[in-house]
2 protein chains.
Amino acid sequence: MADSLTDPKMAEKLDGLRMTKQRKVVYDVVQELAIDHPTASSVYTKAKEIMPNISLATVYNCLETLTEAGAITQVNLHREASRFCPNLQPHAHFFCAKCDSVFDVNLNEQADASEPWNLPDGSKIQEMNVAMRGLCPNCQDS
Amino acid sequence: MADSLTDPKMAEKLDGLRMTKQRKVVYDVVQELAIDHPTASSVYTKAKEIMPNISLATVYNCLETLTEAGAITQVNLHREASRFCPNLQPHAHFFCAKCDSVFDVNLNEQADASEPWNLPDGSKIQEMNVAMRGLCPNCQDS
DNA sequence: GTTTATATCAAGAACTATTCTAATAAAGGG
DNA sequence: CCCTTTATTAGAATAGTTCTTGATATAAAC
Ligand SMILES: [Mn+2]
Ligand SMILES: [Mn+2]
Ligand SMILES: [Zn+2]
Ligand SMILES: [Zn+2]
């Protein structure tokens with residue numbers, strides 16, 4: 001699993017891009033906060049602990065660069081701030097309406113997420129985004 | 001199918017809310033432009049042809065009210081402006097990356113969109129959002 | 001039908017997340 | 001090192017949306 005920017009597969013994706021200190025810090029922070037699916041400003045707050053002079057614009061730039069390189073993915077729900085996720089497996093997201101936490105939801109073995117959908121004839125899917133909102137197990141009991 | 005605000009089922013959902021001229025105009029425009037999945041400002045532009053003094057704030061208010069009442073749904077992709085859809089059947093959306101059009105994608109007969117997903121034990125889904133991005137049949141040939 | 005209460009509307013200000021701009025700094029090949 | 005390219009920074013700008021306030025309209029109570 002390509003969970004490091006120095007992984008050979010990831011290095012290939014990042015070909016042509018400079019692996020600057022800032023990009024490395026941003027990537028490491030997204031990894032560290034992965035379970036929270038951090039927003040750009042959460043990443044900024046944490047990144048400043050390591051690199052106090054990093055700017056918010058740089059965090060946005062790095063997140064965009066890493067997303068385009070395929071090292072992380074951008075996750076959106078409604079109009080809230082984008083969140084970022086370093087899990088590169090195909091997966092969906094469950095947003096708890098009560099505690100605002102986000103959970104990765106994996107695809108069942110051998111399943112295809114686009115299967116139950118009646119896609120337009122001749123269309124070609126490049127990416128698929130599945131988000132669910134509801135109550136998480138913790139918030140259910142209260 | 002509850003495709004009119006005067007439909008008994010819809011009237012029930014709107015219980016307690018006034019069916020003002022503005023709300024009716026906004027709803028009718030969303031119906032009229034349904035195939036486009038119009039944004040708030042598209043709705044505003046069209047609504048002004050019918051009611052020149054309607055304000056953008058009122059369009060936003062009406063869209064929110066109608067969404068909360070369940071008369072229309074709000075559709076989001078990435079960080080673009082929200083779009084609105086009067087199709088109340090469970091369906092997904094296909095966004096063409098080239099021509100920016102949006103298509104309704106229906107669920108196969110008897111299928112359940114949450115089926116292929118390994119949901120967290122004990123969680124309860126309230127809503128599910130499926131969006132795909134790719135090339136539409138028209139844009140494929142070019 | 002008048003009064004009173006409540007819901008809604010309109011205009012513009014405010015807000016938030018994000019993107020842009022322009023100047024400075026850092027990478028990295030030769 | 002030097003040079004060219006690319007990245008970073010701070011702050012301004014932007015888009016979409018939400019909020020605030022006072023004016024209006026509608027409904028309910030009398
Ligand atoms: Mn994730
Ligand atoms: Mn739709
Ligand atoms: Zn929760
Ligand atoms: Zn197209």
Side-chain angles (χ1 to χ4, degrees), chain A residues 5-6 11 13-30 36-48 50-69 71-84 95 100 102, chain B residues 5 11 13-30 37-48 50-69 71-84 95 100 102:
Chain A
L5 292 178
T6 54
K13 288 184 174 179
L14 294 172
D15 189 47
L17 296 178
R18 293 178 184 163
M19 185 39 54
T20 63
K21 278 179 60 175
Q22 287 85 348
R23 284 175 182 167
K24 177 124 186 43
V25 166
V26 167
Y27 182 77
D28 288 347
V29 168
V30 173
D36 298 333
H37 288 78
T39 62
S41 67
S42 306
V43 172
Y44 177 51
T45 300
K46 193 79 182 175
K48 275 199 297 192
I50 301 158
M51 185 182 269
N53 292 322
I54 197 169
S55 75
L56 179 56
T58 296
V59 170
Y60 272 104
N61 288 340
C62 292
L63 289 170
E64 184 183 14
T65 302
L66 291 168
T67 299
E68 283 170 358
I72 61 176
T73 54
Q74 185 170 351
V75 179
N76 297 290
L77 183 75
H78 288 158
R79 316 237 83 245
E80 292 162 21
S82 289
R83 292 164 173 261
F84 296 86
F95 295 75
D100 276 325
V102 180
Chain B
L5 291 179
K13 287 184 175 179
L14 294 171
D15 188 48
L17 296 177
R18 294 177 187 163
M19 186 38 54
T20 62
K21 279 178 60 176
Q22 287 86 348
R23 284 175 184 167
K24 177 126 185 43
V25 167
V26 167
Y27 181 76
D28 289 347
V29 168
V30 173
H37 289 78
T39 61
S41 66
S42 307
V43 172
Y44 176 52
T45 301
K46 193 81 182 173
K48 274 199 296 192
I50 302 159
M51 186 182 269
N53 292 324
I54 196 168
S55 73
L56 179 57
T58 296
V59 170
Y60 271 105
N61 287 339
C62 292
L63 289 170
E64 183 183 15
T65 302
L66 292 167
T67 300
E68 283 171 358
I72 60 177
T73 53
Q74 186 171 351
V75 179
N76 296 290
L77 185 75
H78 289 160
R79 314 239 84 241
E80 291 162 21
S82 289
R83 292 164 173 263
F84 296 86
F95 295 76
D100 275 326
V102 180

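In the text below, chain A, chain B and the rest are named by the order of the sequence lines, each starting its count at 1. The structure displayed is predicted, hence computed values, not measured ones.
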Restricting to side-chain contact (heavy atoms from CB on, under 4.5 Å), what partner residues turn up for B:T67, sequence neighbours left out?
B:I72, B:Q74, B:F84

Round to a whole Å and report the spacing from [atom1] of [X] to [atom2] of [N].
{"X": "A:L63", "N": "D:dT8", "atom1": "CG", "atom2": "P", "answer": "11 Å"}
{"X": "A:N76", "N": "D:dT17", "atom1": "CG", "atom2": "P", "answer": "13 Å"}
{"X": "A:M19", "N": "C:dG29", "atom1": "CE", "atom2": "P", "answer": "14 Å"}
{"X": "A:L56", "N": "D:dG11", "atom1": "CG", "atom2": "P", "answer": "12 Å"}
{"X": "A:I54", "N": "C:dA25", "atom1": "CD1", "atom2": "P", "answer": "17 Å"}
{"X": "B:E68", "N": "C:dT8", "atom1": "CD", "atom2": "P", "answer": "11 Å"}
{"X": "A:R83", "N": "C:dA17", "atom1": "CZ", "atom2": "P", "answer": "11 Å"}
{"X": "B:Y44", "N": "C:dC9", "atom1": "OH", "atom2": "C1'", "answer": "13 Å"}

Is the distance from OP1 or OP2 of [N] to the nearest side-chain N or O of [X] less than 4.0 Å?
{"X": "B:Y60", "N": "D:dT17", "result": "yes"}
{"X": "B:T58", "N": "C:dA10", "result": "yes"}
{"X": "A:T20", "N": "D:dT8", "result": "yes"}

Which part of the nucleic acid, if any, lies within contact of [X], taking any heavy atom under 4.0 Å across all strands shown: a base, the sugar-phosphate backbone alone, or nothing?
{"X": "B:N53", "value": "sugar-phosphate"}
{"X": "B:S82", "value": "sugar-phosphate"}
{"X": "B:Q22", "value": "sugar-phosphate"}
{"X": "B:A81", "value": "sugar-phosphate"}

Indicate yes or no for a side-chain donor-acceptor contact from A:T39 to the backbone of A:S42 under 3.5 Å, with no hydrogens or angles considered.
yes

When you measure from the side chain of B:R79 to the backbone of A:N76, do you find a donor-acceptor pair of N or O atoms at a distance under 3.5 Å?
no

Name the closest nucleotide to the B:A57 side chain, picking from D:dG11, D:dC19, C:dT18.
D:dC19

If you take atom types as modelled and just measure distance, does the side chain of A:R18 reach the base of D:dT5 with a donor-acceptor pair under 3.5 Å?
yes

Start at the 5' end of DNA chain D and walk down; is the nucleotide closest to B:S41 or to B:K21 reached first?
B:S41

Result of checking B:V25, B:V29, B:V26 against B:M51 for side chain to side chain contact (heavy atoms under 4.5 Å, CB included):
B:V25

Roughly how far, to the nearest 0.5 Å, is the CG atom of A:L63 from the OG1 atom of A:T73?
11.0 Å

